[in-house]
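Okay, so here's the structure we're looking at.
Chain naming here is simple, since letters A, B, ... match the order of the sequence lines and numbering starts at 1 in each.
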Amino acid sequence: MANAIAPRIPAQAGIQLKEKSMLINYLKLSLKILGRRKFFTFVSLFGIGFTLLVLTLAAAILDHIFSSYPPETRGDRTLVVDNVRMQGKDSMSTGPGGYALYDRYMRGIPGVERMSILSQPETVISYWKGARLKSLIKRTDADFFRILDFEFIEGGPFGEADVSEARFVAVINETTRAKFFGAGPALGQAIEADGQTFKVVGVVPDVPIFRLMATGDIYVPTTTAKSDEYKARLRGGFFALFLLRDKGAVESVQQEFKVRLGKIDLPPQFDRIYAVPETFFASFARLFIGDFQAEDAGGRLLAILLTAAALFMILPAVNLVNLNVSRALERASEIGVRRAFGASASDLLLQFLFENVVLSVVGGLLALVSSAALLALLNRSDLVPYAHFSLNWRIAAWGFAFALAFGVISGVWPAWRLSRLTPIQALAGGVK
Amino acid sequence: MSVPMIRLDNVEKVYRTDRIETVALSGVNLDIEEGEFVSIMGPSGCGKSTLMHLMGLLDAPSKGTISLGGAAVTDASDKALARLRNESIGFVFQSFHLIPDLSVLDNVEIPLLYRKAGASERRKAAEAALERVGLSARKHHFPSQLSGGQQQRVAIARAIVGKPRVLLADEPTGNLDSQMGDEIMAILQDLNTREKTTLVMVTHDPRQAEKTARTIRMFDGRRVN
């Protein structure tokens, strides 16, 4: 409708503004209002920022534990056995399997490309140039370095001949190299661990402690163990890694593993043995849930993690919504004034949208910067050995999108409701 | 014969809740000519403010027609009404209704913001409006730092910054002492005489009503004179 009264200064006269300049106006207005309402701004920023910070930190840690990360780059077709339970009428024995269980009964499972038997990491002491050094030693075989994808910094892995002939050779990680040799190379040099002397044949990067299968400071052939006793044990001290030809073979390998378990001659006090080869994630999940025979432990852990994340986000989200709704209602009179002086419902929506987007973006940026800083601090500290936490941009983006959605919906929705009222109803405080 | 600036034709306003129906205005006919200064008087609850809100397109009548400059506006869209309010009508409220988070200057600029005026143009016009009401020195203050009279002067500056042809004032002196009230009235009279702004003022104060050219009396939602 054209204006019924010819205005003295028509809306379209004077200096015409482009839409872009209108947006700048809204941005300036948002900053002014947020700057003036310092407490509300602080509480909102803290709510958004802190929630995102915790979420991104948790995601970074979980990512570090579960995601494909060298040397566990073939996680989709690698199965691990880290727990075995033997049960009898009056006896039960639970823990890592024994060397014999894997060596005697599990070699040559159809669908398995390679199998490696590796010991639990064990703390050993070295006396080196007057210093007492503590390291985690892992005794394993040549296939260990073929299943896991170590990027050698120096030299290479030990081979089958080294294992079968029990040669005292070792692959060490970067930290161990630094402890023994400082900044210099280690290849060909000798190190002493637990009273044994090994010649370094390779140096690999540090593997975070969470990667239980791959982590270690010193990797040596199993056959260099001080006694052969381990070779006869069904339970104790060893894990097994299976590299499948194809990731579709998981079920058939698990089935064959189960069949073979049934054929094991168990010690007289036991009548059952239980173990299952599973993915790194499922194996961790079983450990985390604490239910050794849980079906689909991975799925359950994922559900727990997602529920925890959702619960963690719901509380601040509800608070933020509450804060935004009451703040919008508090501004009913402002909405009425703006309506009275010519703002249309869409003008007001745009203004409130800007305010909430600005708030959420600033909160999100604060969270990202503080997460990155905290992760860098964690990496530098010795709190988590060999940790290389990094920001998971996908999770950060999702968290940010949620914060934005909650902020915008909770800020704009009540404003939209108020903008639908007549100006006089809004001026009266939003009473219809 | 000239077209009245504001015409109300058999206007009725009924407020309905789930249980109660309140007739605020009934069968009101009224013409206000361009450049007139009209006061509306009557006891509390007689429908004075409702009448003024309808004239200012802040609310819609339940029945009847409202015309501005000869064109009926009763069925206009939200956007069209917003534009009419922005270009042609200014409001002064009894309780000022300034936005506490914005400075005096930013408050005065509000109508121009929706006229898509440039920042420097807005600033210049707002400063001129504040000059007009004698508050230039307070332009960077916030409403809470001003007295009631000063706040009402800011509200007047906001109402006139867009040079509207109609100014509607709802008990503009109601919250002020008599001296402040006289000052506000002087500004309104000046706007009416110098700029020929059509002025409609709701008041309880017969002394202020006497200063206007015509007084419309209301009782129980009806016009009684």
Side-chain angles (χ1 to χ4, degrees), chain A residues 1-19 21-22 24-26 28-30 32-38 40-41 327 330-348 351 355 419-428 431-432, chain B residues 5 17 34 49-50 53 56-60 67-73 75-91 93 95 97-103 106-107 110-122 125 142 158-159 161-166 195:
Chain A
M1 194 190 94
N3 195 340
I5 313 170
R8 285 171 176 158
I9 307 172
Q12 303 308 319
I15 300 164
Q16 271 300 293
L17 274 196
K18 291 176 184 150
E19 284 307 310
S21 307
M22 264 322 272
I24 292 171
N25 278 343
Y26 286 128
K28 281 184 185 166
L29 192 63
S30 305
K32 260 181 204 168
I33 288 186
L34 294 174
R36 181 96 175 114
R37 290 275 165 165
K38 287 185 181 68
F40 164 80
T41 308
R327 171 93 175 106
E330 193 187 294
R331 292 171 69 186
S333 160
E334 176 187 336
I335 289 173
V337 169
R338 290 184 184 277
R339 293 278 280 139
F341 285 100
S344 64
S346 52
D347 286 329
L348 287 172
Q351 183 199 325
E355 279 180 31
S419 72
R420 309 302 294 170
L421 300 176
T422 64
I424 214 66
Q425 286 164 337
L427 279 170
V431 185
K432 200 161 187 171
Chain B
M5 180 63 91
T17 63
E34 184 170 9
S49 293
T50 306
H53 296 153
L57 315 179
L58 296 177
D59 209 351
S67 307
L68 292 183
V73 294
D75 297 323
S77 67
D78 177 72
K79 266 201 183 302
L81 288 176
R83 189 171 163 191
L84 259 174
R85 285 193 296 265
N86 181 260
E87 291 178 345
S88 303
I89 308 171
F91 298 92
F93 302 101
S95 50
H97 281 308
L98 298 176
I99 297 173
D101 294 340
L102 299 181
S103 70
D106 288 334
N107 264 289
I110 287 173
L112 302 180
L113 196 68
Y114 303 108
R115 213 173 266 201
K116 301 196 192 322
S120 61
E121 193 196 7
R122 287 203 310 266
F142 285 89
R158 178 179 61 186
V161 72
K163 300 200 182 303
R165 298 185 65 172
V166 177
E195 292 180 19

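- Residues H53(B) and P423(A) have side chains not in contact (no heavy-atom distance under 4.5 Å, counting atoms from C-beta outward).
- Using a 4.5 Å cut-off between heavy atoms, H97(B) touches chain A through backbone and side chain atoms alike.
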Might you work through the side-chain contact (heavy atoms from CB on, under 4.5 Å) test for L102(B) and L29(A), ending with a clear yes or no?
CA-CA 9 Å; L102(B) 299 181; L29(A) 192 63; 3.9 Å; yes
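- Here CD1 of I99(B) is found 9.5 Å from CD1 of I335(A). Values are rounded to the nearest 0.5 Å.
- Options S49(B), A82(B), G56(B) differ in how many heavy-atom pairs under 4.5 Å they form with chain A, and the most are formed by A82(B).
- In terms of modelled atom types and a separation under 3.5 Å, the side chain of N86(B) and the main chain of F341(A) share a donor-acceptor contact.
- Here L427(A) contributes atom CG and F91(B) contributes atom CZ; the two are 9.0 Å apart, rounded to the nearest 0.5 Å.
- Here OH of Y114(B) is found 10.5 Å from CZ of R339(A). Values are rounded to the nearest 0.5 Å.
- Counting heavy-atom pairs closer than 4.5 Å to chain B, the top-ranked of the candidates A340(A), S344(A), G336(A), S346(A) is A340(A).
- Looking at D101(B) and K32(A), no side-chain N of the basic residue comes within less than 4.0 Å of a carboxylate O on the acidic one, giving no salt bridge.
- Residue E330(A) does not touch chain B at all, counting heavy-atom pairs closer than 4.5 Å.
- For a residue to count as touching a neighbouring chain, one of its non-hydrogen atoms must lie under 4.5 Å from one of that chain's; by this rule N107(B) does not touch chain A.
- Taking a cutoff of 4.0 Å between a charged side-chain nitrogen and a carboxylate oxygen, D347(A) and K79(B) do not qualify as a salt bridge.
- A pairwise comparison of heavy atoms in P100(B) and R37(A) identifies CG-NH2, 4.3 Å as the closest pair.
- Heavy atoms closer than 4.5 Å to chain A are found in both the backbone and the side chain of L113(B).
- Heavy atoms closer than 4.5 Å to chain B are found in both the backbone and the side chain of R338(A).
- Across T422(A) and L58(B), no two heavy atoms sit closer than the pair CB-O, 3.4 Å.
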